[in-house]
Amino acid sequence: MTGKKIQTYSDWLIRLVGLNFLWLLFSGLGLGFLGIFPASSALFACLRDYHRQGQIKVWLRFKDHFLASLFTSNLKGYSLLSLIALLWIDYRWLLSQRSLLTYLLALVLFLACLISCLGLLFFFALDVHYQVKFSAAILNPFRFICSYPKTSLAICGSLLLWSLVLYLIPGLGLFLGISLPTRIISYCVQVQLVKLDGGQVGHLLQKHEKYDKLYYL
């Protein structure tokens, strides 16, 4: 059993290193600002495919997911980023007004900005499981945060710990800087989606009209 676990961990380590280099490559091919969001979407999609299928042709699968999400992931990602920027600008403006009421409003905006940043972290992990209209895709991360606060906090704690590790050993960033935290987020989200579906995992395609969700496990 120990040998099998070591083999499993070794396989995942190799996968994550490869995915990290692919993320860096395709982000660079998109000149950074056009490549980061589709590369992130492709990374989450490949992790989903690994979970469902065990083995995939990672180069071809990453490239296909990148090209398929090139427009939509940038549109959704920059929409969320614009929301965060707007909230932050309003927050800084309210702080400059120097009154009790504006300080209270600034606190509310700061919390909204923080939640929006968390939403951006979870966005692609959820988006690769769902096919929904634009507004539902933007709202899904916030639904997740409100529905699973403990999981959200656990993910944040893990990411902070990983940030500390990278600060102490910056060389790891080249090999696992993006792929490992992405794996943590993807795994935690996947666990909750499996619970949502009553434990059925596989090539499952279900539509829930009540929630306007179409998701893949």
Note, P141 side chain near L120 side chain (heavy atom, < 4.5 Å): no
How long is the straight-line distance from CG of L121 back to CD1 of I184, given to the nearest 0.5 Å? 11.5 Å
When rounded to the nearest 0.5 angstrom, what is the spacing between CG in L126 and CD in Q192? 10.5 Å
For W59, ring-ring contact (aromatic ring centres under 6.0 Å, His included) partners two or more places apart: F26
Any heavy-atom pair between the side chains of L176 and W162 that's under 4.5 Å? yes
Starting from the C-alpha separation in whole Å, work towards a yes-or-no answer on side chain to side chain donor-acceptor pair (under 3.5 Å) for T72 and S69. CA-CA 5 Å; T72 56; S69 65; 5.4 Å; no
Could you list the residues that satisfy salt bridge (Lys or Arg N to Asp or Glu O under 4.0 Å) with R61, not counting sequence neighbours? D49
Report the distance from atom CG of L81 to atom SG of C117, rounding to the nearest 0.5 Å. 8.5 Å
Not counting sequence neighbours, which residues clear side chain to side chain contact (heavy atoms under 4.5 Å, CB included) with A137? List them please. K76, F123, D127, V132
Can you find a heavy atom in the side chain of L16 that is under 4.5 Å from one in the side chain of L47? yes
Aromatic rings Y91 and F110: how do their planes relate, parallel, tilted or perpendicular, breaks at 30° and 60°? tilted
Step-by-step side chain to side chain contact (heavy atoms under 4.5 Å, CB included) determination, N20 to L174: CA-CA 8 Å; N20 202 73; L174 179 63; 5.6 Å; no
Sub-6.0 Å ring centroid separation between W23 and F62: no
How about S179 and T182: does a side-chain donor come under 3.5 Å of a side-chain acceptor? no
Do L29 and L34 sit in one hydrophobic cluster, given that two such residues count as connected whenever their side-chain heavy atoms are within less than 4.5 Å of each other, even indirectly? no
